[in-house]
Structures are given as C-alpha cells and as structure tokens.
There are 2 protein chains.
Amino acid sequence: MAEIKHEHEACKKTILAVHDAMDVLGGKWKISIVASLGFGKKRYSEILKDVTGISGKMLSRELKDMEANLLVNRYVIDTKPVTVEYELTPYGHKLKSVIKNLADWGNLHRKTIMGK
Amino acid sequence: MAEIKHEHEACKKTILAVHDAMDVLGGKWKISIVASLGFGKKRYSEILKDVTGISGKMLSRELKDMEANLLVNRYVIDTKPVTVEYELTPYGHKLKSVIKNLADWGNLHRKTIMGK
DNA sequence: CTGTATCCACCTTGATACTG
DNA sequence: CAGTATCAAGGTGGATACAG
C-alpha cells in the first residue's frame, strides 16, 4: 500500500519534471538546435544550414528564447559584415545526454516504422 | 580535415535522428503521457488525472496517434461501463531512458531558472 | 551577415455538448 | 467510463521585404 502510494508520487513528480523541461524545449526546432550546438560553437548561418527546413525568422526567435532560458550564449564578433556565434552554456551542455538518447531512439524508430 | 568532415556528418545525422524522434513525440502532451505510462499500465481516466491540464479530447487524440506509431497498446475490457487500458509497447518502453534524462534535466532546470 | 517587421494561412487546442 | 462532434480563438510558422 505504501509502495503503491510511493509509485504514484514518483509518477507525478516525473511528469512534472518532464513538463518543466518541455516548457523550455517545446518549440518545433529547439531540440534540433541544441543537437546542432552540441557539436560545438556555430554561426547563425551554419545552424541555418544544419537544421533542415528552419526559416531565418524561426531560428532567431528560438535562439532568443533559448538565450533567455540560459541554454545558449550569443557572441557578436565585430567583423564586417557582422558575425554572430552561438554556443551551449554549461547548463545547456547537460542536455547532450538527452539528445543522445533521443537520437538513438530516432534511429531505432526509422528502422522500425519506416522500412529500415 | 577528414575529422572535420566526419564531425559534420555526425552532426547532420544526429539532427535528422532527433527530428525523426520529434515527429512522433512532438505533440504538446505526448512525452508526458509516455512518462505516465512508463510507470505501468493505466486507464484513460487515470492518465487524465496524472497529466495535469490535458483535456479529454487531447488525450484521446494523442493516444490514437501514439497507437498508430506503435508506442502504446490499447485494451478494451468489457465491463460495464467500459474500461480501457493503455500500456507502452516494448518499443515505447525504450523511451524510458529518454524520459529519465529529461526528468533529471527538468528538475535541474527548476532549480536553476526558477528559484530552487 | 544577421537579423526585424508585417501580413496571413494554417494548425492546434480548449470549451462544451453529446453518445454508447 | 471513454470517448466523439462542433465551434471558436489563439498560437505557429512561412514568405517577403527591409535594416544595421
């Protein structure tokens, strides 16, 4: 009985935690952007090329969100024309294991659902 | 040079895999539902209580999606009134490590962004 | 190059009422 | 209990043009 109660608490707690994470990562593109930056510092135009399908507007918007949530740092380099680089914060780096898991599952998924 | 090339390929591959995963888990509620079912078989009304904020319509719709993607199994038990149970497929179970990572990060996030 | 502003079509979601 | 049907509202994202 106490065990069942405990299970239930753990369940609710997990759902809450996952919800909190998704609040920050919820956009259509954020996880892909984190995946891209997981491979190192990138320029705006590089991310644009990495993340197939995203528009410039969306990339700006998502990056701004992520900066506000302390996931990425933004550096403006005063070349001409301007260069801007983004990188994961140490905090954002902690998402890399999530990304790894997700990528592994995504590969499995492609093999399972779509034919190989 | 070959290393840089290799890095870039790995990056694109990861982003694609993550995108595939997100195609299936993309809804506002799907990850929370997986988290709930990760703790065992549940009835429709139990999930409804677990996942704070979801409406009945959305729960039905998301579950139907997930069933189509082989993430959950649906069992109708012929009581009166009807009982319906959902559970993760073995395939869906493979998402549990993703959920765990995400929950850990979500807890960290709450402590980091919101004050503890 | 790295954005911002505007306009707009579409989609997702919630509320409510209803069915077996 | 476990859904479905309908409607309305707001959010989401694309295209385009423009700016620093």
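Letters go in sequence order (proteins before strands), and every chain restarts at 1. Source: prediction; values computed, not measured.
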Return the minimal non-hydrogen interatomic distance between [X] and [Y], and the atom names on each side.
X	Y	result
A:Y91	A:L71	CE2-CD1, 3.9 Å
B:G106	A:A21	CA-CB, 3.9 Å
A:H109	B:V24	NE2-CG2, 3.0 Å

In numerical order, the residues of residues 38-52 of chain A whose heavy atoms come under 4.0 Å of DNA chain C are A:R43, A:Y44, A:S45
Regarding A:Y75 and A:E87, do their side chains bring together a donor and an acceptor under 3.5 Å, going by distance alone? yes
Taking side chain to side chain donor-acceptor pair (under 3.5 Å) as the cut-off, I'd like each qualifying pair that reaches into residues 29-40 of chain A, sequence neighbours left out, listed once. A:K30-A:E62, A:K30-A:D65, A:S36-A:K42, A:S36-A:D50
Does A:N101 reach the side chain of A:V98, with side-chain heavy atoms less than 4.5 Å apart? no
Let me have a per-nucleotide readout for nucleotides 9-20 of chain D, 5' to 3', with B, S or -, counting only protein heavy atoms under 4.0 Å. ----BBB-----
Is it the case that one hydrophobic cluster holds both [X] and [Y], taking links as side-chain heavy atoms less than 4.5 Å apart, direct or via other members?
X	Y	result
A:M58	A:V84	yes
A:I54	A:I99	yes
A:V76	A:Y44	yes

Can you pull out how bent the helix from C:dC1-D:dG20 to C:dG20-D:dC1 is, comparing the axes over its first five and last five pairs, to 10°? 50°
Verify, without hydrogens or angle tests, whether B:T83 (side chain) and B:T79 (backbone) share a donor-acceptor contact under 3.5 angstrom. no
Just checking A:K100: does its NZ atom have more than 12 heavy atoms from other residues, nucleotides or ligands closer to it than 6.0 angstrom? no
CG-CG distance between B:L63 and B:N73, expressed to the nearest 0.5 angstrom: 11.5 Å
Whether B:Y86 contacts D:dG3 is assessed here as follows: a side-chain N or O lying under 4.0 Å from the phosphate OP1 or OP2. Is that the case? yes
Quick check for you: name the first and last nucleotides of DNA chain C, 5' to 3', having an atom under 4.0 Å from a heavy atom of chain B. C:dT13 to C:dA15
Could I get the full list of side chain to side chain donor-acceptor pair (under 3.5 Å) partners for B:S55, not counting sequence neighbours? none
Protein-nucleotide distance (B:D78, atom CG; D:dA2, atom P), rounded to Å: 13 Å
